[in-house]
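Input: a single structure, listed below in structure tokens.
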Amino acid sequence: MKFDILTLFPEMFGALEHSIIKRARDAKKIEINYVNFRDYTKDKHRRVDDSPYGGGAGLVLTAQPIVDCVEAIDPKRMARRIFLTPAAPVLTQARVRELAKHEHLILLCGHYEGVDQRAIDLCIDECISIGEYVLTGGEIPAMALVDAIARHVGGVIKAESVDNESFSVEGRHEHPQYTRPREFRGLGVPEILLNGNHAEIKKWRA
Ligand code: SAM
């Protein structure tokens with residue numbers, strides 16, 4: 001599965017260079033490319049932002065570099081194109097599972113006040129929020145989305161882990177987990193986990 005992440009700040013993506021996601025990349029189960037859409041601007045000063053029509057604070061990312069960038073990396077419109085924005089439906093595990101079925105995702109990270117709506121209208125299929133709060137840019141949301149989706153790509157982690165974790169059934173949270181030692185600072189482990197009765201353990205965990 002391929003992710004193309006459109007960002008002005010590719011250096012922010014260190015979190016995808018470690019642990020399970022790094023192993024998945026090394027094993028070629030997922031591919032992640034960072035594309036700086038500033039490289040597509042036609043502005044002679046390489047600007048990609050401007051003040052908002054109608055006035056107001058901050059800067060808005062202009063449509064031209066974003067639209068040209070998306071069209072250059074997906075000329076036949078084969079990819080699912082996503083814009084990360086707080087002004088959208090909040091991501092759920094069910095949506096993550098659906099998105100993991102796509103071969104190619106393009107993730108657009110906004111910054112400053114956001115993105116000229118015409119870029120969204122022209123080249124985005126879906127807008128996703130990662131929660132009802134506002135972050136500085138779309139980079140952390142894009143990392144969260146890639147990480148959540150990668151877990152559902154075959155072979156990245158054990159199917160058993162994905163099938164039994166929180167939200168694998170809607171609204172379900174996973175049971176508490178315990179490992180050695182059997183007693184820690186006076187706290188034990190639930191007896192049921194120690195008796196080897198797998199049917200009872202399964203019931204307790206459900
Ligand atoms: N002015 C925008 C608003 O009020 O909706 C917020 C812009 S925010 C400071 C800059 C960028 O960060 C957004 O364009 C988006 O890409 C990203 N972002 C911030 N919070 C987000 C969230 N909760 N989910 C997804 N993306 C978010």
Side-chain angles (χ1 to χ4, degrees), residues 1-17 21 30 32-43 46-74 77 79-102 104-153 166-167 170-171 173:
M1 171 166 207
K2 179 161 108 172
F3 298 91
D4 285 322
I5 302 178
L6 276 50
T7 172
L8 294 176
F9 301 97
E11 63 282 2
M12 285 180 70
F13 285 84
L16 300 178
E17 311 291 334
I21 303 300
I30 60 169
I32 303 174
N33 305 308
Y34 306 113
V35 187
N36 190 334
F37 51 86
R38 190 182 296 280
D39 294 340
Y40 290 81
T41 184
K42 291 182 175 147
D43 183 88
R46 281 181 54 82
R47 274 193 74 172
V48 289
D49 51 47
D50 213 328
S51 42
Y53 275 121
L59 292 165
V60 175
L61 293 172
T62 54
Q64 176 274 315
I66 292 171
V67 172
D68 283 1
C69 178
V70 171
E71 288 176 351
I73 60 179
D74 183 32
R77 207 160 184 147
R80 182 79 181 163
R81 301 157 168 199
I82 296 168
F83 173 47
L84 283 314
T85 167
V90 174
L91 185 64
T92 61
Q93 187 77 333
R95 190 71 201 118
V96 165
R97 271 196 298 271
E98 287 303 310
L99 289 170
K101 293 177 187 161
H102 289 269
H104 182 191
L105 296 180
I106 294 177
L107 310 183
L108 170 63
C109 304
H111 229 86
Y112 315 120
E113 284 306 316
V115 171
D116 187 313
Q117 183 60 34
R118 291 163 298 180
I120 314 303
D121 295 343
L122 284 167
C123 67
I124 293 296
D125 298 316
E126 178 173 358
C127 294
I128 292 179
S129 163
I130 64 154
E132 294 187 351
Y133 43 82
V134 178
L135 298 166
T136 307
E139 286 73 17
I140 291 171
M143 282 188 266
L145 187 57
V146 169
D147 188 299
I149 291 172
R151 297 173 65 77
H152 294 266
V153 172
S166 297
F167 312 113
E170 205 188 324
H173 288 177

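For ligands, and for the atoms within them, numbers begin at 1 and follow the listed sequence. Numbers here simply count residues along the sequence, with the first being 1.
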Mind jotting down which residue pairs meet the side-chain hydrogen bond (donor to acceptor under 3.5 Å, both in side chains) criterion with at least one end in residues 52-66? Sequence neighbours excluded, please. Q64-D68
With sequence neighbours excluded, residues passing side-chain contact (heavy atoms from CB on, under 4.5 Å) with S166: H173, E174
Can any side-chain N or O of T41 pair as donor or acceptor with the backbone N or O of P65 at less than 3.5 Å? no
For D74 and A79, indicate whether the former's side chain and the latter's backbone hold a donor-acceptor pair under 3.5 Å. yes
Using the side-chain hydrogen bond (donor to acceptor under 3.5 Å, both in side chains) criterion, which residues pair with R38? Sequence neighbours excluded. none
Any donor-acceptor pair under 3.5 Å from D125 side chain to R81 backbone: yes
First-shell residues of ligand 1 [heavy atom, distance under 4.0 Å]: F83, L84, T85, P86, G110, H111, Y112, E113, G114, I128, S129, I130, G131, Y133, V134, L135, T136, G137, G138, P141
